[in-house]
There are 2 protein chains.
Amino acid sequence: MHKPTIQDVARLAGVGVGTVSRVLNNHAAVRDSTRQTVLSAIRDLEYVPNPHARRIAGGKSYTISILLPVITTEFYVRLLDGLESAFQEARYDVAIFPLLDRSRLERYLGSHTLAYQADGLVMATYNLTQLFSENRLREQQPMVLVDAYAEGVDCARMDNHLGGRMAGQFVAQQPGHSYAVWVETELDQIFTSRVFEERSAGFHAAMAEAGRTVSGEFISSFDAHAARTVAGQVLDAAQFPATVFASADLLAGALLDEAQARGLAVGSHLKVLGFDDQPWAAARGLSTLHQPVEAMAYEAATLLLSRLSGHRGPPRVRTFEPRLVLRSSTGHA
Amino acid sequence: MHKPTIQDVARLAGVGVGTVSRVLNNHAAVRDSTRQTVLSAIRDLEYVPNPHARRIAGGKSYTISILLPVITTEFYVRLLDGLESAFQEARYDVAIFPLLDRSRLERYLGSHTLAYQADGLVMATYNLTQLFSENRLREQQPMVLVDAYAEGVDCARMDNHLGGRMAGQFVAQQPGHSYAVWVETELDQIFTSRVFEERSAGFHAAMAEAGRTVSGEFISSFDAHAARTVAGQVLDAAQFPATVFASADLLAGALLDEAQARGLAVGSHLKVLGFDDQPWAAARGLSTLHQPVEAMAYEAATLLLSRLSGHRGPPRVRTFEPRLVLRSSTGHA
DNA sequence: TTGTACGCGTTATCAA
DNA sequence: TTGATAACGCGTACAA
């Protein structure tokens, strides 16, 4: 009474194992009536293909490893969801490798873990391609960058420059003074993402085009406590009416908190624009830039899958655009 | 120029594949000289055994899957580190499966992901054993709970009751009024952890034993914004001098913030005791309960590995004790 | 359109 | 102590 195999299915359905395999893999020509017979046999036996046997027979591991930073933020939850659903459709498995710090990166590179044995690699946010030159990652491994950009690799990225520009254009239209809060860049070269630099460049370009000046800029590290402290600094320094572009919703949320504590009228006296559209943003009326994360993730998976099925050709870059969502924190709706 | 197989190693070492396999698995009798020959061949070829082939031939996959909640908090970083290092020592591979919500749990159970095919299962914080009765998880799969407890399964857990008790004993010694802040319990049965209930029970028991009453209790969800709001409520309601036990450092941190904003003297007029000993706790002078997370994780791995190597017998429970760390938020040091 | 037979990389058995 | 060889469950040429 062991787990049913493809043999059992074939016997019950009265066909050869080859036919069962074809049904399993949606292969070309199988007569529809036999397909049905096979499928019902599969159901009856509650047959589930053994993925390990599939891997060994097919010569592929049917596994993709995903290297990503901390995953608690909504952004990475959505990213992971997009990637996993796309890969699952293609019957690929996913090995998640959270990159928490450099020592974990070393562990990944050094050990011969499952992740390292994968057919393909997805790298999120960080541009780890510089590890190529160190020959740490096998050059020929098919891979794709999500939410990051590098030359010579397929990329699916958010247009953060445009996002910053959209923010700048909006802010430039508001009366009064303009401020911005940025996220501190990581010191470790390898773990540096250019996301916030790009948002900043776009923001400044738009402000300059509109002939507006930024009255003050602030930098915060990416955690709630620091954000709140910086929010206090911003409101101490600001001249009102003021519009603040916070380059991440985390920072914008802290500004809303601090403004509330000070009894400031958010939406008129003080306007706040965030970036990310976190789940709570709608409830708190935070205007922000929404990112099509799932679409970007899905596209990244598609790019990688095409390489895995033999696609050659120059690296492709897919760019996704944020969308401005206006709510009460800027006096809308 | 493909990946070397056991055949290649055997050929280079001038032995049979059986011998190589024996060396690989530390099997009984292999002459030491041939063992060395084989090992050096393995090194030369940079040979790595194919886990899928092992799975299919030997019935084991040498993979452990780890089901755990969001992993950004320091607690899970440390937990993951402890687990990974223990399993790596035993040459087991690790498949991480972050359980972000119910849909991801479904994905794990429904699809036949790598994680699902592992030899063993580690479940962190959540007690998912009720899924057994639904026959969703294969009953016979070796598994261990970390940071959780259930009957009939090996567990490595923190004694949260004792932690709460230690907090209660400390708070009971302080003059003035006593308050407590708890973390909201998840609504979803499956994702319910009893951690905070236990801390609460221990706390109340200790207070009762000391003949002290709790002047007020508050509940917050586990996020920075809510914590700050609740912190405000606590300080609004409190009569001073007051000592507040916050059942998680996240909550305690919000209390420190709010107290600072109000200009309250922390350490005398207001004392705050947290739970977790987050990395920032020392810098901010937060008194708190430190948890030996790595040790607990390592022990969990050991329990599981013993099952995998054939250990039978009744479920074992290993309990770890928090340690009270006193800093300036309670007027120490 | 379908069935047969071989190969994938490893472990386990058995004879040497 | 070793080597040859039969499994393991599946994909896929190739033949029918």
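Since the structure is predicted, the reported quantities are computational estimates derived from the model, not experimental observations. The chains referred to below are lettered A, B, ... by the order of the sequence lines, with proteins before strands, and numbering in each begins at 1.
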For this session: Ignoring backbone atoms, establish whether N50(A) has a side-chain N or O less than 4.0 Å from OP1 or OP2 of dC8(D).
Result: no
Exercise. Under 4.0 Å: is that the gap between some side-chain N or O of R31(A) and OP1 or OP2 of dT1(C)?
Worked result: no
Please identify each residue that fulfils side chain to side chain contact (heavy atoms under 4.5 Å, CB included) with [X], with sequence neighbours left out.
X       : result
Q36(A)  : D32(A), L39(A)
A148(A) : L145(A)
A53(A)  : N50(A), I56(B)

Problem set entry | I56(A) vs T19(A), nearer the 5' end of DNA chain C by closest nucleotide |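 Nearest-nucleotide comparison on DNA chain C picks T19(A).
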Problem set entry | 5' priority, DNA chain D, between A53(B) and G14(B) [closest heavy atom] |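 That would be G14(B).
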Exercise. Would D81(B) and R78(B) pass as an ion pair if we require N to O under 4.0 Å?
Worked result: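 Not counted as a salt bridge, because no side-chain N and carboxylate O are separated by less than 4.0 Å.
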Compute whether any side-chain donor of one residue and acceptor of the other, for [X] and [Y], lie under 3.5 angstrom apart.
X       : Y      : result
T125(B) : Y76(B) : yes
N25(B)  : R54(B) : yes
T63(A)  : D93(A) : no
Y298(B) : E89(B) : yes

Rounded to the nearest angstrom, tell me the gap between atom [atom1] in [X] and atom [atom2] in [N].
X      : N       : atom1 : atom2 : answer
R11(A) : dT4(C)  : CZ    : P     : 12 Å
R55(A) : dG11(D) : CZ    : P     : 11 Å
H52(B) : dT11(C) : NE2   : C1'   : 16 Å
D8(B)  : dG9(C)  : CG    : P     : 8 Å

For [X], report the nucleic acid contact type (base, sugar-phosphate, nothing); a contact means any heavy atom under 4.0 Å.
X      : answer
Y47(B) : sugar-phosphate
T5(B)  : sugar-phosphate
V17(A) : base

Give the table of side-chain donor-acceptor pairs shorter than 3.5 Å for residues 312-321 of chain A, with sequence neighbours excluded, one pair per line with atom names and distance.
residue: R316(A); atom: NH1; partner: S306(A); partner atom: OG; Å: 3.1
residue: R316(A); atom: NH2; partner: D154(A); partner atom: OD2; Å: 2.8
residue: R316(A); atom: NH2; partner: L303(A); partner atom: O; Å: 3.2
residue: R316(A); atom: NH2; partner: S306(A); partner atom: OG; Å: 2.9
residue: R318(A); atom: NE; partner: E299(A); partner atom: OE2; Å: 2.8

Pairs: protein N or O with nucleotides 13-16 of chain D N or O, under 3.5 Å:
residue: dA13(D); atom: N6; partner: R22(A); partner atom: NH2; Å: 3.4

Problem set entry | Inter-axis angle, terminal five-pair segments of the helix from dT1(C)-dA16(D) to dA16(C)-dT1(D) [nearest 10°] |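 For the helix from dT1(C)-dA16(D) to dA16(C)-dT1(D), the axes at opposite ends meet at about 40°.
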Problem set entry | A57(A), nearest nucleotide to its side chain (from dC10(D), dG3(D), dT12(D)) | dC10(D)
